[in-house]
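The structure presented is a predicted model; accordingly, all values stated were derived computationally and were not measured. The chain is numbered in sequence order, starting from 1.
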Amino acid sequence: PAYDWSGLLPGDTRRTLWTDYVPFGDLPQVLNPPSGYIVNANSSPFAATTGDGNPDPADYPESLGIETFDTNRSLRALELLGGDTSITASELRQYKFDTRYAAVSDMARWRDRLVELAPAALDDEVALVEAWDLTTDGESRGAALMVVMLTFLTESDLDVEFSRLTDHAIPDAVLVDAFRRAADYLIATHGTADVAWEDVNRIRRGDVEVGVSGGPDTLRAIYGSRDGDGILAAEGGDAYVLFVTFLADGTIRSESIHQFGSATLDEGSRHYDDQVRMFAAERLRDVWYDEAVIRQHLESEYRPGDEISGGTGR
């Protein structure tokens, strides 16, 4: 290991307090791995790619506090990218908007445990999640029950995080109770637990409200909080998304989308919420680089100092 802290005593003393930064070169790094890609999603740097190229955990002391867990996003990304030896631009876009929980994720384990544990009174709800394919597509049935259940788990004393859906040891009784509460919540607000995910998972912005695919810790990451009317109102996750394609002639093509619009602080602007529906539909807009192309789409032009000099701008 680069550092040996074994001779130090625990406690708030001069001998145990860090006074310097660890040199950058001593941190885990992945550079040009043979696989051709690197992924990180609030997860372990020791599993940033597939095959050779990952750092060796044995080279780093535990005292550095480096994460060793994998999130569903990292597991699913490795599953998708690691299984594709030649990724096209369209495939990469498809992977970015993937809505599935990995087969080895907590969500998959919780689903399987509930099938075994839930009481007969919840047979209808159990049948719903037993048939669930682990996706959070807008039309998915079962996703609402499982994700709403997660919101109740985060309110428990178990420190279950939205962004870390692996390595959670949830006691059986706590899991079943959260599942029952999720079923009761959906029945009370929607009249049934068999509800399409897009009817629960919503983005609200300005005058726009729309259902959206994705969920907590999926590659199409959407995190929401429960509303009294049965909605999980999106409040985090995917935001500005940018794709860049390097073309053979040396030019680039770029597409992007913002979850709201370009005027994030101006509620009076039509750009305050004009990208919401595109974002929900997983559509992208072109990014313009050349001035001539920009001027073809120019809506207004502003020169700093116009408000002082009396210039009009456009």
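A distance-only check finds no donor-acceptor pair linking the side chain of R113 to the backbone of L175 [under 3.5 Å]. Of the possible polar contacts, one joining the R109 side chain to the V104 backbone as a donor-acceptor pair under 3.5 Å is found. Between the side chain of S74 and the backbone N or O of A41, no donor-acceptor pair lies under 3.5 Å. Looking at H190, its side chain does come within 3.5 Å of a backbone N or O of G230 through a donor-acceptor pair. Within the 3.5 Å criterion, the main-chain N or O of A127 finds no donor-acceptor partner in the side chain of D124. Checking side-chain atoms of N201 against main-chain N and O of G215 turns up no donor-acceptor pair under 3.5 Å. Side chain of E130 to backbone of V115: no donor-acceptor contact under 3.5 angstrom is found. The main-chain N or O of L122 is never found under 3.5 Å from a side-chain atom of R180 such that the two would form a donor-acceptor pair. A donor-acceptor pair under 3.5 Å links the side-chain atoms of T189 to the main chain of Y185, judged by distance alone. Between the side chain of D70 and the backbone N or O of L75, no donor-acceptor pair lies under 3.5 Å.
Remark: P33 pairs with V30, S35, I38, T49 by the side chain to side chain contact (heavy atoms under 4.5 Å, CB included) rule, at least two apart or across chains. Listed by chain and residue number, L128, R141, T192 satisfy the side chain to side chain contact (heavy atoms under 4.5 Å, CB included) test with D194 (two or more places apart in sequence, or in another chain). E255 meets the salt bridge (charged side-chain N to carboxylate O under 4.0 Å, His left out) test with R253; sequence neighbours excluded. For L134, the side chain to side chain contact (heavy atoms under 4.5 Å, CB included) test picks out R100, Y101, A108, R111, W132, with sequence neighbours left out. Remark: S256 pairs with Y240, L242, R285, V287 by the side chain to side chain contact (heavy atoms under 4.5 Å, CB included) rule, at least two apart or across chains.
Expressed to the nearest 0.5 Å, how far CD1 of I222 lies from CD of E235 amounts to 11.0 Å. One distance of note links CZ of R295 with CG of D290; it measures 13.0 Å at 0.5 Å rounding. Distance CD/E209 to CG/D207: 11.5 Å, rounded to 0.5 Å. Interatomic distance, F97 CZ to L92 CG, rounded to the nearest 0.5 Å: 10.0 Å. The distance from the CG atom of L114 to the CG atom of D172 is 9.0 Å, given to the nearest 0.5 Å. To the nearest 0.5 Å, atom CD of residue Q275 and atom CZ of residue R283 are 10.5 Å apart.
Hydrophobic clustering of Ile, Leu, Val, Met, Phe, Trp and Tyr side chains at less than 4.5 Å, counting indirect connections, unites L117 with W110. Linking ILVMFWY side-chain heavy atoms closer than 4.5 Å, directly or via other members, places V195 and V147 in a single hydrophobic cluster. Both V176 and L186 belong to a single network of hydrophobic side chains, linked directly or stepwise wherever heavy atoms of I, L, V, M, F, W or Y lie under 4.5 Å apart. By the rule that hydrophobic residues join a cluster once side-chain heavy atoms approach within less than 4.5 Å of another member, L81 and F46 end up as members of separate clusters. One hydrophobic cluster holds both F243 and M278 under the rule that ILVMFWY side chains link at heavy-atom gaps under 4.5 Å.
Looking only at side-chain heavy atoms (C-beta outward), V212 and Q259 stay at 4.5 Å or farther from each other. In this structure, the side chains of D84 and Y95 come closer than 4.5 Å at one or more pairs of heavy atoms. Looking at heavy atoms from C-beta onward, T251 lies out of side-chain contact with Y289 at the 4.5 angstrom threshold. Taking 4.5 Å as the limit, every side-chain heavy atom of W197 sits out of range of all side-chain heavy atoms of D137. Between T68 and E62, the closest side-chain pair of non-hydrogen atoms is not below 4.5 Å. The shortest side-chain heavy-atom distance between E67 and N42 does not fall under the 4.5 Å cut-off. In this structure the side chain of L27 reaches within 4.5 angstrom of the side chain of V22, judged on heavy atoms. The shortest side-chain heavy-atom distance between D273 and F260 does not fall under the 4.5 Å cut-off.
Scanning both residues, M149 and A182, for their nearest heavy atoms gives N-CB, 3.5 Å. Closest of all the heavy-atom pairs between T218 and D98 is CB-O, 4.1 Å. E139 and E198 make their closest contact through CG-OE2, 4.3 Å (heavy atoms, listed as atom of the first residue, atom of the second, distance). Here the closest heavy-atom approach between residue T151 and residue G224 is recorded as CG2-O, 4.4 Å. Across every non-hydrogen atom of T99 and S213, the tightest pair is CG2-CB, 4.2 Å. Closest approach of A178 and L153 over heavy atoms only: CB-CD2, 3.6 Å.
With a 6.0 Å radius and a threshold of 12 heavy atoms from other residues, nucleotides or ligands, D123 has its CG atom above the threshold. The number of heavy atoms from other shown groups lying within 6.0 Å of CD (E291) does not exceed 12. Counting heavy-atom neighbours within 6.0 Å of D52 CG, excluding the residue itself, gives a total of 12 or less.
Between D227 and R204 there is a salt bridge, since at least one side-chain N of the basic residue sits less than 4.0 Å from a carboxylate O of the acidic one. A salt bridge links E79 to R76: at least one charged side-chain nitrogen sits closer than 4.0 Å to a carboxylate oxygen.
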**Request:** Apply salt bridge (charged side-chain N to carboxylate O under 4.0 Å, His left out) to R181 and D184, showing your working.
**Result:** CA-CA 5 Å; R181 294 173 69 186; D184 290 345; over 6 Å; no
**Message:** Go through it in stages, so that I can follow the logic: the residues are L80 and L219, the test is side chain to side chain contact (heavy atoms under 4.5 Å, CB included), and I'd like the CA-CA distance, side-chain angles, deciding distance and then a yes or no.
**Reply:** CA-CA 11 Å; L80 292 170; L219 290 173; 3.8 Å; yes
**Request:** With side chain to side chain contact (heavy atoms under 4.5 Å, CB included) as the test, would you mind laying out the steps for M107 and D217 before giving the verdict?
**Result:** CA-CA 10 Å; M107 277 296 209; D217 204 27; over 6 Å; no
**Item:** Audit row: V126, F179, side chain to side chain contact (heavy atoms under 4.5 Å, CB included) steps and yes/no
**Value:** CA-CA 9 Å; V126 168; F179 184 68; 4.0 Å; yes
**Message:** Go through it in stages, so that I can follow the logic: the residues are L232 and V148, the test is side chain to side chain contact (heavy atoms under 4.5 Å, CB included), and I'd like the CA-CA distance, side-chain angles, deciding distance and then a yes or no.
**Reply:** CA-CA 8 Å; L232 290 187; V148 171; 4.2 Å; yes
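Taking the ring centre of F279 as origin, the terminal cationic atom of R220 falls inside the region bounded by 6.0 Å and 45° from the ring axis.
The other members of the hydrophobic cluster of W288, by chain and number, are V293, I294 (side-chain heavy atoms under 4.5 Å, ILVMFWY only).
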